[in-house]
Amino acid sequence: NTFNSSINYSKTFVGTPFNMSINANHQQNTNTETITMTLPSLNINMNRVYPFAGKGGIKKNPIQKLGFNYTMQGQYLINTTDDEFFTEKMFQTARAGVQHRTSTNTNMKVFRHFTLSPSANYEEVWSFDYIQKDYDPNTNVVVTDTLRGFKSFREYNFGMSLSTNIYGTFNFKKGRLKAIRHTFRPSISYSYRPDFRDKYLRQVQNNNNPLGFEEYTIFDQSIYGAPSSGISNSIGITLNNVLEAKLRPKDPDSDEEDEKIMLLNNLNFSTSYNIAADSLRWSPVSFSAGTRLFKDKLAINFNGSLDPYQVNS
């Protein structure tokens, strides 16, 4: 009882970092008589470019390593019914929007053995329809109207990470086990994002009590959502471990090379500390591990989390 159709077109612009795709979709349910169409959806992507790189693309210093990328998504979304199909009302209730995103990052060596990687992200949303809420005292309900017009909002965030690699080798003189190598990759990061929703908040009375209000933004029903709420100010900690073993040949007199075996592909621990929170600032500690057995014929993976807080009554 459901019909679907789609058409897609994509193009890569040779010699440039840009590529593009356009698609149109249609879904129709003959039982509920609902129709959803995207006419069209446009995606433009710019692969990462390094405008300050040296001749021949050489990237030695942090400025030369500074890279930028860009993506744009645009949609024209229609939700209608069989009775309103291709009528004036179908286009009145359609929603449209465009989302722009760009990011930049670089890396540099600090204190000889550490890598510092700063980054920043920027997002801008264009909406061609928005909502307005008004209280109707006759029915004691909040009425939501969708209005036409261009509205936009912007968001950004930035952060940095500091990481290094530590290697340890444990040698064994007896038996086939020759050595175990431990690779330890600790990383600490910091990220910050302001509260963007507060700037666009509006209030509307929601019952017959003059002091009863609810908050909303004009973007709450837009295709690409509303501005992010709350300040994000956090520190992240990640610990990555890899264990490898080296075995001597079964025949000590043979010319065979030592055999390398992966004991643990990864053993990861990660958590974060929310500076902006008023309590319970630590997030659960997530952990995961994986290894492969029988010459990579069987993979074993497990994961879990540890809550640093205990609930007591």
Side-chain angles (χ1 to χ4, degrees), residues 48 50 59-67 69 103-121 157-193 232-250 256-277 280-310:
R48 188 167 295 276
Y50 299 88
K59 298 182 282 290
K60 291 184 177 180
N61 58 54
I63 298 299
Q64 291 177 336
K65 294 177 182 178
L66 195 64
N69 67 354
S103 66
T104 180
N105 71 309
T106 186
N107 63 80
M108 64 196 78
K109 286 289 184 181
V110 294
F111 308 117
R112 294 184 61 186
H113 304 294
F114 293 85
T115 301
L116 180 66
S117 303
S119 63
N121 301 280
N157 64 75
F158 60 87
M160 62 180 64
S161 66
L162 185 68
S163 61
T164 189
N165 292 338
I166 301 172
Y167 302 96
T169 302
F170 308 91
N171 297 308
F172 300 88
K173 295 182 179 180
K174 296 182 179 180
R176 286 197 62 201
L177 182 60
K178 185 175 182 179
I180 291 179
R181 187 187 191 191
H182 179 205
T183 304
F184 178 50
R185 299 186 179 97
S187 173
I188 184 169
S189 61
Y190 172 76
S191 64
Y192 178 79
R193 187 205 67 216
S232 177
N233 188 15
S234 64
I235 298 172
I237 301 171
T238 302
L239 306 176
N240 174 263
N241 299 270
V242 176
L243 285 177
E244 301 168 284
K246 184 179 286 188
L247 300 180
R248 297 183 179 90
K250 294 181 179 179
E256 294 181 9
E257 294 184 353
D258 295 336
E259 182 182 358
K260 294 181 180 179
I261 296 177
M262 181 66 69
L263 300 179
L264 275 176
N265 285 343
N266 61 80
L267 174 59
N268 302 324
F269 299 90
S270 63
T271 186
S272 63
Y273 182 80
N274 188 352
I275 302 173
L280 306 179
R281 293 180 174 178
W282 284 103
S283 68
V285 179
S286 300
F287 63 88
S288 63
T291 188
R292 303 184 72 87
L293 305 175
F294 308 117
K295 296 183 179 180
D296 290 346
K297 291 183 173 60
L298 176 66
I300 299 177
N301 300 282
F302 68 88
N303 60 76
S305 64
L306 304 170
D307 196 327
Y309 300 102
Q310 179 183 18

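Residue numbers start at 1 and run along the sequence shown. Basis for what follows: all heavy atoms, side chains included, without hydrogens, waters or symmetry-related copies.
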| message | Less than 4.0 angstrom from a charged side-chain N to a carboxylate O is my criterion; do Glu259 and Arg248 meet it? | response | no
| For Ser163 and Thr115, does a side-chain donor sit closer than 3.5 Å to a side-chain acceptor? | no
| task | Would you check if Ser232 and Asn157 make a side-chain contact, meaning some heavy-atom pair closer than 4.5 Å? | result | no
| Looking at side-chain heavy atoms only, is the closest gap between Phe287 and Leu267 below 4.5 Å? | no
| message | Please determine whether the number of non-hydrogen atoms from other residues, nucleotides or ligands lying under 6.0 Å from atom OH of Tyr167 exceeds 12. | response | yes
| Min side-chain heavy-atom separation Leu264-Asn241 under 4.5 Å | no
| message | Would you say CZ of Phe111 has more than 12 non-hydrogen atoms from neighbouring residues, nucleotides or ligands within 6.0 angstrom? | response | no
| task | Cation-pi check, Lys65 to Tyr50: give yes when NZ or CZ is under 6.0 Å from the six-membered ring centre and within 45° of the ring axis, no otherwise. | result | no
| query | Do Ser270 and Ile237 have side-chain heavy atoms sitting under 4.5 Å apart? | reply | no
| request: With the side chain counted from C-beta on, respond yes when Thr106 and Pro118 share a heavy-atom pair under 4.5 Å apart, and no when they do not. | output: yes
| field | side chain to side chain contact (heavy atoms under 4.5 Å, CB included), paired with Ile261, selected from Leu243, Leu247, Ile180, Thr291 | value | Leu247
| query | Is Phe114 close to Lys109 at the side-chain level, that is, under 4.5 Å between some pair of heavy atoms? | reply | no
